[in-house]
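Heads up, the thing below is written out as C-alpha cells.
Just so you know, these numbers use all the heavy atoms, side chains as well, and skip hydrogens, waters and symmetry mates. Position 1 is the first residue of the sequence; numbering continues from there. Treat the numbers as computed from the prediction; the structure is a model and nothing was measured.
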Amino acid sequence: MYTPHPGRYADMPYRRTGRSGLKLPALSLGLWHNFGPDRPVDVQRAILRRAFDLGVTHFDLANNYGPPPGAAESALGDALRADFAHHRDELVVSTKAGYLMWPGPYGEWGSRKYLLSSLDQSLGRMGLDHVDIFYSHRPDPETPLEETMGALHSAVQQGKALYVGVSNYSAEQTRDAARILADLGTPLLIHQPRYSMLDRRPEDEGLLDALDELQVGSIAYSPLEQGLLTGRYLNGVPEDSRAASDSPFLSADTVTEDLVGRLRTLDDIAKSRGQSLAQMALAWVLRGGRVTSALVGASSPRQLEDSVEAVGNLDFTEDELARIDAVAKA
C-alpha cells in the first residue's frame with residue numbers, strides 16, 4: 001500500500017493562479033506521452049507516486065492523451081483508485097477537449113455537444129465526479145466562442161469542473177473568452193500555451209501581457225521543446241530519440257548543425273549555474289513569476305526527480321538572461 005512522503009510539501013513552491021485562490025506547484029506532471037498500454041504499468045504508477053512525494057500535486061491530461069486516445073485518463077483512473085483514493089483533495093486533476101477523439105462531426109473542436117460529452121467520458125475513464133480544471137484545448141473557427149465558453153460555464157454549473165481554462169488561444173481570443181466567461185459568472189482561471197527558451201510566441205505575440213492584464217494564470221507546455229532542451233541532442237540526433245522516430249512533433253531535419261551549436265552554448269550557461277540544460281530551461285520559463293507552472297513529462301521517476309531539482313534555482317542575473325537571449329533567439 002502506498003504511503004505518501006510526510007515531507008512532500010516542504011520544498012515545492014506553490015504559486016497562486018491568476019487572481020483565484022487556487023495554487024499550483026511550480027512544476028506539474030503532464031501525462032501526454034508516457035501513460036498508455038505501451039508503457040509498463042508499474043513504471044507509470046511509480047512516476048505518479050514519486051511526483052506526489054515531491055510535492056507535484058497537479059496531474060494534467062487531455063481526452064486524447066495516450067496513445068490510444070483516452071488511455072492516459074484510464075491509466076490515471078487506475079492509479080487514483082489504487083494509490084490516491086484517500087488523497088483526492090490534495091490533487092489538482094485537469095483535462096481538456098478540442099482535438100479529435102471519436103469519428104463523426106461531434107468528435108472534435110468546440111461545440112457544446114462535443115465538449116460536454118467528452119467531459120462525461122473523461123470523468124468515466126478517471127472514475128471521478130469532477131475535475132479541478134476543464135479546458136477548451138483549441139479555438140474552433142466554426143463555432144461561436146459564446147457557445148464554447150458557455151459549455152465550459154455549464155461544466156462548472158453542473159459540478160463537473162471547479163475551474164475552466166483555454167489552451168492554444170491567441171491573446172485576442174483569450175481576452176474575448178475571458179470577457180464572455182466573466183459575463184456568465186465563471187472566471188477564466190488559466191491559459192496553457194506552448195512556451196520555452198526556443199519558442200517565444202507567448203511573449204512576442206502579447207499573450208503573456210494579456211494574461212497579466214486579465215489576471216489569468218498560465219501553465220507552459222513543452223518547456224523543454226519536445227526534448228531539444230534536455231541535453232539529448234548536444235551531439236546530434238540519438239537513434240532512440242523522438243527526432244529519430246516518426247513523431248509529428250519533432251523531426252530530425254529540425255536538429256541542424258546550427259541548432260546543436262546553440263544547444264551546446266546553452267548547456268555551458270546551465271553548467272555555470274550548477275544546473276543541467278533541462279533544469280535551466282524549466283527555471284527560465286518560471287523566472288519572475290509570470291508563468292504559474294511548467295508542465296513536465298517523465299518516462300521514469302529519476303527523470304522527474306531531475307526536473308524537480310530545477311526549483312532550487314529559479315533566479316537569473318541580467319547577464320545570464322542576456323546570454324540566453326543572444327543564443328536562443330538567434
For this session: Report the C-alpha separation of Arg287 and Asp315 in whole Å, then their side-chain angles, then the decisive distance to 0.1 Å, and conclude whether the salt bridge (Lys or Arg N to Asp or Glu O under 4.0 Å) test is met.
Result: CA-CA 6 Å; Arg287 75 200 186 285; Asp315 296 323; over 6 Å; no
Exercise. Taking it one step at a time, do Arg200 and Asp325 satisfy salt bridge (Lys or Arg N to Asp or Glu O under 4.0 Å)?
Worked result: CA-CA 10 Å; Arg200 307 292 186 95; Asp325 285 349; 3.0 Å; yes
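Within the 4.5 Å cutoff, the side chain of Pro202 has heavy atoms near those of the Pro193 side chain. Side-chain contact between Val131 and Ser94 is absent, with no heavy-atom pair separated by less than 4.5 Å. A heavy-atom distance below 4.5 Å is found between the side chains of Val93 and Met126. Side-chain contact between Leu282 and Ser307 is present, with heavy atoms from C-beta onward closer than 4.5 Å. With contacts defined as side-chain heavy-atom distances shorter than 4.5 Å, the pair Asn63/Pro69 does not qualify. Within the 4.5 Å cutoff, the side chain of Asp83 has no heavy atoms near those of the Met1 side chain. Between Leu188 and Arg179, every side-chain heavy-atom pair lies at or beyond the 4.5 Å cut-off. A heavy-atom distance below 4.5 Å is found between the side chains of Arg194 and Gln226.
Side-chain atoms of Glu309 do not come within 3.5 Å of backbone N or O of Asp306 as any donor-acceptor pair. Side-chain N or O atoms of Arg125 include none that pairs as donor or acceptor with a backbone N or O of Leu76 at under 3.5 Å. Within the 3.5 Å criterion, the main-chain N or O of Ala26 finds a donor-acceptor partner in the side chain of Ser293. Looking at Gln44, its side chain does come within 3.5 Å of a backbone N or O of Arg39 through a donor-acceptor pair. Ser222 places no side-chain N or O within 3.5 Å of a backbone atom of Glu225 that could act as its donor or acceptor partner. Side chain of Thr265 to backbone of Gly261: a donor-acceptor contact under 3.5 angstrom is found. Panel note: side chain Ser118, backbone Tyr114; no donor-acceptor pair is recorded below 3.5 Å. Arg175 places no side-chain N or O within donor-acceptor distance of the main-chain N or O of Ala178, the cut-off being under 3.5 Å. Judged by distance alone, the side chain of Asp132 and the main-chain N or O of Ala161 form no donor-acceptor pair under 3.5 Å. Listed for the Thr292 side chain is a donor-acceptor partner under 3.5 Å among the backbone atoms of Ser218.
In this model, a donor atom of one side chain and an acceptor atom of the other lie less than 3.5 Å apart for Ser299 and Gln303. With no hydrogens or angles considered, no side-chain donor-acceptor pair links Arg138 and Asn168 at under 3.5 Å. Defined by atom type and a distance below 3.5 Å, a donor-acceptor pair is present between the side-chain atoms of Glu90 and Tyr9. Under 3.5 Å, the side chains of Ser154 and Gln158 contain no donor-acceptor pair of N or O atoms.
We find the CZ-OG1 distance between Arg273 and Thr317 to be 8.0 Å, quoted to the nearest 0.5 Å. Between Thr57 atom OG1 and Met12 atom CE the span is 8.0 Å, to the nearest 0.5 Å. Taken from CZ in Arg81 to CG in Leu128, the straight-line distance is 8.5 Å, to the nearest 0.5 Å. Between the NZ atom in Lys329 and the CD atom in Glu203 there is a gap of 6.5 Å [rounded to 0.5 Å]. Distance check, rounded to the nearest 0.5 Å: CG of Leu152 to CG of Leu184 gives 9.5 Å.
Each of Ile269, Asp268, Leu228, Leu266 was evaluated against Leu277; a single residue qualifies, Leu266, per the side chain to side chain contact (heavy atoms under 4.5 Å, CB included) test.
For CD of Glu146, the number of neighbouring non-hydrogen atoms (other residues, nucleotides, ligands) closer than 6.0 Å is greater than 12.
Note on Leu123: it clusters hydrophobically with Leu31, by side-chain heavy-atom contacts below 4.5 Å among ILVMFWY residues. A continuous path of hydrophobic side-chain contacts links Leu207 to Leu286 [ILVMFWY only; heavy atoms under 4.5 Å]. Note on Trp32 and Leu229: same hydrophobic cluster, where clusters join Ile, Leu, Val, Met, Phe, Trp and Tyr whose side-chain heavy atoms are under 4.5 Å apart, directly or indirectly. Under a hydrophobic-cluster definition in which Ile, Leu, Val, Met, Phe, Trp and Tyr are linked whenever side-chain heavy atoms come within less than 4.5 Å, directly or via other members, Val164 and Leu22 are assigned to different clusters. With hydrophobic clusters built from ILVMFWY side chains whose heavy atoms lie under 4.5 angstrom apart, Leu181 does not share a cluster with Tyr135.
The minimum heavy-atom distance between Pro139 and Tyr169, with the atom names listed, is N-CE1, 3.4 Å. Residues Gln192 and Ser167 share a closest heavy-atom pair of O-OG, 2.7 Å. The two residues Lys23 and Tyr14 make their nearest non-hydrogen contact at CB-CB, 4.1 Å.
If you look at Phe59 and Phe52, their ring centroids are not closer than 6.0 Å.
In summary, Arg49 and Asp53 do not engage in a salt bridge, as defined by a charged side-chain N under 4.0 Å from a carboxylate O.
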Name each donor-acceptor pair under 3.5 Å that joins a side chain in residues 95-106 to protein atoms two or more places apart or in another chain, with its distance.
residue, atom, partner, partner atom, Å
Thr95, OG1, Glu73, OE2, 2.6
Lys96, NZ, Asp60, OD1, 3.3
Lys96, NZ, Asp60, OD2, 2.7
Lys96, NZ, Leu61, O, 2.7
Lys96, NZ, Tyr65, OH, 3.3
Trp102, NE1, Tyr106, O, 3.4

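Remark: Arg45 is not positioned above the aromatic ring of Tyr2, lacking an NZ or CZ atom under 6.0 angstrom from the ring centre and at most 45 degrees off the axis.
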